[in-house]
Amino acid sequence: MSYSVDIDRKWQKKWEETELYKFDPNKEGKKLYCLEMFSYPSGANLHLGHWYNYSLTDSWSRMKRMQGFNVFHPMGFDAFGLPAENYAIKTGIHPQDSTLKNIATMEKQLKEMGATFDWNYELATCMPDYYKWNQWLFLKLYEKGLAYRKNAPVNWCPKCQTVLANEQVVDGLCERCDTEVVHKHMTQWFFKITDYAQELLDCLPQLDWPEKTKKIQTNWIGRSEGSQVALYVEKDGKQLMNDDGTPVKLEVFTTRADTFMGVTYVVVAPEAEICDKLTTDEQRAVVEEYKLKTSKVTDIDRMSTTREKTGVFTGAYAIHPLNGRKVPIWAADYVIAAYGTGVVMAVPSHDDRDYEFAKKYGLEIIPVVQSEKGVENELPYCEKKGYLYNSGEFDGMEMHEGLDAIVAKLNSIGMGEKKVNYRLRDWLISRQRYWGTPIPMIHCEKCGVVPVPEKELPVLLPYDVEFTPDGESPLAKCDSFINCKCPSCGGDAKRDPDTMDTFVDSSWYELRYPDNKNSDEIFSKDIINKLAPVDKYVGGPEHAAMHLLYSRFICKAMRDMGLVNFDEPFTSLVHQGIILGPDGNRMSKSRGNTVAPDEYISKYGSDVFRTYLAFGFAYTEGGPWNGDGLQAIVKFIRRVERLVEEVSGMDTSAAYELGDLEKDLNYTLNYTIKSATNDIDRFQFNTSIARMMELMNAIGKYQQSGKARGSFLKMVVEKLILILSPFAPHFAEESWEMLGNEYSVFNQKWPEFDESALVLSTVEIAVQMNGKIIFKVNIPADADQAAVEELVKADERFTAALAGRNVVKFIYVKGRIANIVVK
RNA sequence: GGGGUUGUGGCGGAAUGGCAGACGCAGCAGACUCAAAAUCUGCCGACCAUAAAUCGUGUGGGUUCAAGUCCCACCAGCCCCACCA
């Protein structure tokens with residue numbers, strides 16, 4: 001043989017004909033659900049990132065299969081989304097047409113990769129038989145009160161008259177026409193993920209996920225324990241009242257209630273509704289102008305701490321509930337409406353931002369915490385230790401005590417309590433786009449918002465739609481879609497014109513694969529509870545916060561609806577690293593540093609490429625591409641190939657006994673099996689290949705001895721082929737056949753190592769004196785500390801190094817090192 | 001500004017707190033060859049003519065019998081961000 005892409009095709013054909021990778025849920029073996037994050041069907045061929053993710057996870061699942069697991073390994077497409085729509089706007093090619101074509105191309109390429117996907121379980125989110133269940137899920141969430149509408153800002157380009165995604169806003173300007181982008185408020189649908197904030201946090205420790213991902217999620221959820229306190233409002237000289245006659249309470253979340261007596265002003269987010277209510281007629285024009293200005297500031301800029309703080313007086317005052325102090329209420333963009341209550345109490349004496357702001361606008365500054373009693377600290381004093389002063393009845397209290405006392409006092413008058421706040425916000429899922437799942441809601445003038453009845457699902461996405469941007473959701477302009485009858489009163493009504501965020505599509509897809517053809521339910525409970533959760537999920541770290549959190553939320557919501565009986569969708573998670581361009585930068589067409597796998601595949605074959613991806617990088621790190629390194633695998637595969645050819649021509653019938661040479665090689669063989677198995681299991685593919693290369697080197701030495709026994713050699717080579725097979729599946733099938741074995745190599749048992757072959761009689765240890773190596777010595781492997789000490793002390797190199805000093809301590813670490821502390 | 005993460009030969013990268021640089025790529029030398037390629041063998045961190053010795057895992061401290069690994073501070077790169085009150 002001579003391994004090439006022709007060998008790939010030969011075995012791909014055979015695998016397909018024999019349905020080698022057909023999944024049978026009833027097959028024996030423990031179930032193992034292995035899943036890669038599905039991909040967006042972009043136009044071009046599979047890129048390096050796809051190969052890196054899919055081919056190596058496939059290698060992992062091949063080993064698991066050979067180890068006797070019943071592996072479920074499906075593949076599909078995250079097929080809705082912005083790029084297809086933008087492409088359509090540019091070229092006039094309909095998103096559905098381009099997407100379906102791209103899917104066909106990618107399917108073909110994925111098959112040429114030689115992966116174990118069972119295509120019977122394929123899914124594409126843009127197909128009605130999938131997104132029907134998106135809509136169904138929406139209705140269920142709505143029923144449970146987990147889907148609701150509220151006003152929220154969108155990026156709006158006044159010139160294009162369209163809503164822009166964050167990525168379409170470049171430096172505050174529309175990417176298409178460079179017009180300044182503003183925030184526009186629209187009524188939109190939200191999923192109430194915040195209901196699950198605490199549980200999403202609580203379940204993290206039990207997950208076998210990278211620690212950094214858990215950290216990211218923890219920070220994203222952002223639990224903070226503090227207090228919610230309230231102030232009364234005075235506007236135009238009178239206390240501001242609610243319609244029902246009760247006084248308006250300005251609710252504020254704070255972690256520093258101990259400084260409450262030092263509040264000298266209050267800040268509201270300019271875009272918050274309460275801001276309008278507070279603003280006096282006198283200040284109306286100034287506040288409106290400021291709001292307009294704020295609407296143009298990008299979120300990124302608003303977050304920057306280096307940016308100078310700005311704000312305007314609303315004309316209203318807050319009345320301190322404990323000391324009656326009247327403090328001004330300002331609107332400032334350093335406060336964000338979406339976090340907490342959108343209102344902040346300002347204590348400039350003990351907060352950097354408040355201090356800076358107060359200085360700039362000449363606001364009062366009253367210190368209320370001192371590090372030691374009687375000490376005047378430089379302001380702002382932000383350390384969280386000290387004693388209260390200038391705080392009336394709370395004077396002299398240690399600050400934590402003071403905090404409790406202040407909250408207790410506020411609580412007694414109904415103006416405050418301890419509260420936990422989360423940074424996590426509800427999930428906005430409305431998109432003013434065409435290429436997505438229609439939201440199954442109907443707006444009736446008489447009946448209000450009415451859900452589409454379940455039996456009328458799916459609400460089909462119409463094909464003939466004008467989706468060039470002109471101020472309305474594309475679906476709003478499609479008369480046949482938008483006009484409908486109200487399911488409740490039968491009168492004329494309109495459908496919701498928006499589509500769902502594509503993260504909804506991907507928030508539960510892993511639960512659809514096992515029962516992807518079910519037209520009666522979202523999935524069968526029995527099937528899903530047997531196969532799910534996913535045992536190993538592999539994908540990019542960029543999804544650490546959003547996708548992975550949304551999926552967890554949906555899983556928990558489904559559990560509470562009785563659809564699934566587990567708490568978490570992904571038991572174990574691995575992030576692959578990112579392969580950069582040869583220049584060390586992220587690959588991009590504009591940089592011109594992209595690397596196309598195709599030319600390597602056609603030149604060397606899929607197996608060489610896959611194996612190099614395994615060998616050339618630390619899987620979870622990634623790194624710059626270096627095409628030269630591929631030679632390592634080209635040479636390695638060629639060596640194995642020659643070896644297989646030689647062995648297949650040898651007489652291997654004679655029984656063998658282990659001589660010294662065989663024992664040595666047998667040691668290496670078993671060591672290789674042990675290490676490679678362990679390394680593949682933990683996605684450390686590079687070292688597993690290194691061990692195989694060492695085995696190959698050892699086989700080479702054995703052959704060169706001229707005393708090689710054919711039958712023993714053949715056994716070793718067969719095991720080498722078996723452990724190499726996950727990385728080079730086509731090559732391994734070919735080799736397996738050449739060695740005279742039965743199809744298929746993937747129906748073989750994964751080799752197990754023999755512990756007794758790994759027992760050595762002597763080991764070499766390093767001898768150190770005060771931590772420096774002085775010599776190395778062979779000792780019996782089972783020697784205890786006393787024996788080693790005796791052996792070492794008898795060595796003349798020890799006496800020489802000792803140079804008359806005294807031994808203080810003798811440390812022996814079994815089989816590794818001896819360290820003698822001398823003085 | 002905050003958070004996360006990474007710094008090891010010319011390069012990719014190894015190393016449960018225990019012999020730093022496994023395994024390779026590139027390079028150098030040799031064998032084979034008329035020659036080249038392929039293949040095989042050896043060398044391959046710095047200093048040094050060589051060896052020994054010494055120094056070496058971004059920098060500076062610390063813990064430890066022992067630190068690439070643990071702790072503190074700093075520097076640089078990469079990624080993410082919501083001034084989080």
Side-chain angles (χ1 to χ4, degrees), chain A residues 210-213 215-216 218-220 222-224 226-227 252-257 259 267 299-307 309 332-336 338-347 350-354 356-357 421-425 541-542 544-545 577-578 580 582 584-586 612 615-618 621-636 638-639 642 675 679 684 686-697 700-701 704 764-776 808-822:
Chain A
E211 284 307 315
K212 66 170 176 178
T213 309
K215 229 180 231 170
I216 288 169
T218 304
N219 292 338
W220 190 267
R223 181 189 152 99
S224 104
S227 322
V252 168
F253 179 78
T254 178
T255 52
R256 291 298 304 275
T259 65
V267 187
D299 287 352
I300 301 288
D301 279 345
R302 240 173 120 168
M303 281 182 304
S304 163
T305 43
T306 49
R307 189 167 145 268
K309 291 170 188 22
D333 65 8
Y334 76 92
V335 172
I336 290 189
Y339 182 74
T341 59
V343 187
V344 173
M345 68 178 216
V347 186
H350 305 292
D351 183 278
D352 289 319
R353 291 176 315 261
D354 297 349
E356 190 192 321
F357 193 83
N421 199 37
Y422 298 91
R423 199 196 59 157
L424 184 68
R425 301 171 196 172
E542 67 274 17
I578 298 163
L580 305 169
N585 291 306
R586 201 179 266 270
Y612 175 58
F615 180 66
F617 306 85
E621 302 293 320
W625 174 258
N626 175 4
D628 293 341
L630 205 70
Q631 284 313 310
I633 303 303
V634 172
K635 288 183 187 175
F636 176 60
R638 252 190 329 237
R639 283 182 82 185
R642 276 197 303 275
S675 322
D679 289 349
Q684 194 163 316
N686 54 349
T687 49
S688 72
I689 304 284
R691 298 293 87 80
M692 294 178 212
M693 287 174 168
E694 283 168 353
L695 176 59
M696 183 62 233
N697 289 341
K701 290 252 154 55
Q704 276 164 29
E764 187 190 61
I765 63 159
V767 179
Q768 298 182 331
M769 192 165 279
N770 287 346
K772 281 193 175 182
I773 293 171
I774 47 175
F775 62 91
K776 293 174 187 180
V808 177
K809 199 173 176 186
F810 189 98
I811 296 150
Y812 173 58
V813 181
K814 191 159 195 227
R816 291 190 174 272
I817 208 160
N819 189 17
I820 306 132
V821 186
V822 304

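In the text below, chain A, chain B and the rest are named by the order of the sequence lines, each starting its count at 1. Since this is a predicted model, take the numbers as computed values, not measurements.
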Looking at Asn697(A), does any N or O in its side chain come under 4.0 Å of the phosphate oxygens OP1/OP2 on rG24(B)? yes
Euclidean distance for C1', rG10(B) against rC44(B) (whole angstrom): 11 Å
Round to the nearest Å and state the distance from Ile765(A) atom CD1 to rA66(B) atom P. 18 Å
Would you please confirm or rule out a distance under 4.0 Å between OP1 or OP2 of rC25(B) and any side-chain N or O of Lys635(A)? yes
I want to verify a distance call: between rG18(B), rC23(B), rC40(B), whose nearest atom is closest to the Arg642(A) side chain? rC40(B)
Kindly compute the distance separating OH (Tyr812(A)) from CG (Asn819(A)), expressed to the nearest 0.5 Å. 13.5 Å
Ignoring hydrogens and angles, answer whether the base of rC65(B) and the side-chain atoms of Lys809(A) contain a donor-acceptor pair closer than 3.5 Å. no
Using a cut-off of 4.0 Å on non-hydrogen atoms, how would the nucleic acid contact of Phe615(A) be classed: base, sugar-phosphate, or nothing? base
Rounded to whole Å, how long is the line connecting atom CD of Glu542(A) with atom P of rC79(B)? 13 Å
Rounded to whole angstroms, how far apart are CD1 on Ile817(A) and C1' on rA67(B)? 12 Å
N/O (side chain, Gln684(A)) to phosphate O (OP1/OP2, rA15(B)) under 4.0 Å: yes
Ser224(A) has its side chain closest, among rA26(B), rC19(B), rA85(B), to rA85(B)
Given atom CD1 of Ile811(A) and atom P of rA67(B), what is their separation to the nearest angstrom? 12 Å
Regarding Val813(A), tell me which of base, sugar-phosphate or nothing describes its non-hydrogen contacts under 4.0 Å with the strands shown. base
Report the stems of RNA chain B as range-with-range entries sorted by first number; a stem here is at least three consecutive pairs, Watson-Crick or G-U wobble, both distances under 3.5 Å, and write none if there are none. B:1-7 with B:75-81, B:10-12 with B:23-25, B:27-31 with B:39-43, B:58-62 with B:70-74
Quick one: pull up OG1 in Thr687(A) and CE in Met692(A) and give me the separation to the nearest 0.5 Å. 9.5 Å
For a quick check of understanding: with a heavy-atom distance under 4.0 Å over all strands, which category does Lys776(A) fall into, base, sugar-phosphate or nothing? base
Is Glu764(A) touching bases, backbone alone, or none of the nucleic acid, heavy atoms closer than 4.0 Å? base
For atom P, what is the distance between rG12(B) and rG60(B), given to the nearest Å? 23 Å
Closest to the side chain of Ala618(A), out of rA26(B), rG18(B), rA14(B), is rA14(B)
Taking for each residue the nucleotide of RNA chain B with the nearest heavy atom, is it Arg256(A) or Ala690(A) whose nucleotide lies nearer the 5' end? Ala690(A)
In whole Å, what is the span from the NZ atom of Lys772(A) to the P atom of rU64(B)? 19 Å
When you measure only distances, ignoring hydrogens and angles, does the side chain of Arg691(A) come within 3.5 Å of the base of rA22(B) through a donor and an acceptor? yes
Rounded to the nearest 0.5 Å, what separates atom CD1 in Ile817(A) from atom CD1 in Ile773(A)? 6.0 Å
Considering only rG18(B), rC79(B), rC23(B), which nucleotide approaches the side chain of Arg586(A) most closely? rC79(B)
Same-atom distance (C1') from rG18(B) to rA31(B), integer angstrom: 41 Å
Choose from rA22(B), rC40(B), rA85(B) the nucleotide whose nearest atom is closest to any side-chain atom of Arg353(A). rA85(B)
Whichever of Tyr422(A) and Arg639(A) has the more 5' nearest nucleotide on RNA chain B, that residue is Arg639(A)
By the 4.0 Å heavy-atom rule, please label Gly622(A) as base, sugar-phosphate, or nothing. sugar-phosphate
Given the rule in the side chain to side chain contact (heavy atoms under 4.5 Å, CB included) test, do Phe253(A) and Met345(A) qualify, once you have shown the distances and angles that lead to the verdict? CA-CA 8 Å; Phe253(A) 179 78; Met345(A) 68 178 216; over 6 Å; no
Taking the C1' atom of each, how far is rU57(B) from rA15(B), in whole Å? 11 Å
On a whole-Å scale, what distance lies between the C1' atoms belonging to rC43(B) and rA76(B)? 35 Å
Would Ile820(A) and Val767(A) satisfy side chain to side chain contact (heavy atoms under 4.5 Å, CB included), going step by step from the backbone distance to the final call? CA-CA 8 Å; Ile820(A) 306 132; Val767(A) 179; 3.7 Å; yes
Passes side chain to side chain contact (heavy atoms under 4.5 Å, CB included), Glu356(A) versus Arg353(A)? Steps please. CA-CA 5 Å; Glu356(A) 190 192 321; Arg353(A) 291 176 315 261; 5.7 Å; no
If you check the Val344(A) side chain, which of rC79(B), rC65(B), rA85(B) turns out closest? rA85(B)
Which listed nucleotide (rC19(B), rA38(B), rG24(B)) is nearest to the side chain of Arg638(A)? rA38(B)
Checking all strands, does Ala632(A) fall into the base, sugar-phosphate, or nothing category for heavy-atom contacts under 4.0 angstrom? sugar-phosphate
Side-chain donor/acceptor contact of Asp628(A) with base of rC25(B) under 3.5 Å: no
Out of rC19(B), rG3(B), rG13(B), minimum distance to the side chain of Asn686(A) belongs to rG13(B)
Name the orientation of the base relative to the sugar in rG9(B): syn if the glycosidic angle is within 90° of 0, else anti. syn
For atom C1', what is the distance between rU8(B) and rU69(B), given to the nearest Å? 12 Å
Residue Gln631(A), side-chain heavy atoms: nucleotide from rA26(B), rC65(B), rC23(B) that is nearest: rA26(B)
Measuring only the C1' atom in each nucleotide, how far is rA73(B) from rA85(B)? A whole number of Å is fine. 29 Å
Proximal nucleotide (of rA20(B), rG12(B), rA22(B)) relative to the Ile773(A) side chain: rA20(B)
Could you tell me which residues satisfy side-chain contact (heavy atoms from CB on, under 4.5 Å) with Lys772(A), sequence neighbours excluded, listed by chain and number? none
In whole angstrom, what separates Ile633(A)'s CD1 from rA26(B)'s P? 12 Å
Rounded distance (Å) that lies between atom P of rA67(B) and atom CG of Asn770(A): 11 Å
When you check the phosphate oxygens OP1 and OP2 of rC40(B), does a side-chain N or O of Lys701(A) lie under 4.0 Å from one of them? no
Just the rounded figure in Å: distance from P of rC65(B) to CZ of Phe810(A). 16 Å
How would you label the contact of Ile216(A) with the nucleic acid (heavy atoms, under 4.0 Å): base, sugar-phosphate, or nothing? nothing
Using the C1' atom as the point on both nucleotides, what is the distance between rC65(B) and rC74(B), in whole Å? 29 Å
Steps toward side chain to side chain contact (heavy atoms under 4.5 Å, CB included) verdict (Trp220(A), Leu424(A)): CA-CA 6 Å; Trp220(A) 190 267; Leu424(A) 184 68; 3.6 Å; yes
Does the side chain of Ser224(A) come under 3.5 Å of the side chain of Asn421(A) through a donor N or O and an acceptor N or O? no
Are side-chain N/O atoms of Tyr612(A) and Asn626(A) paired as donor and acceptor at under 3.5 Å? no
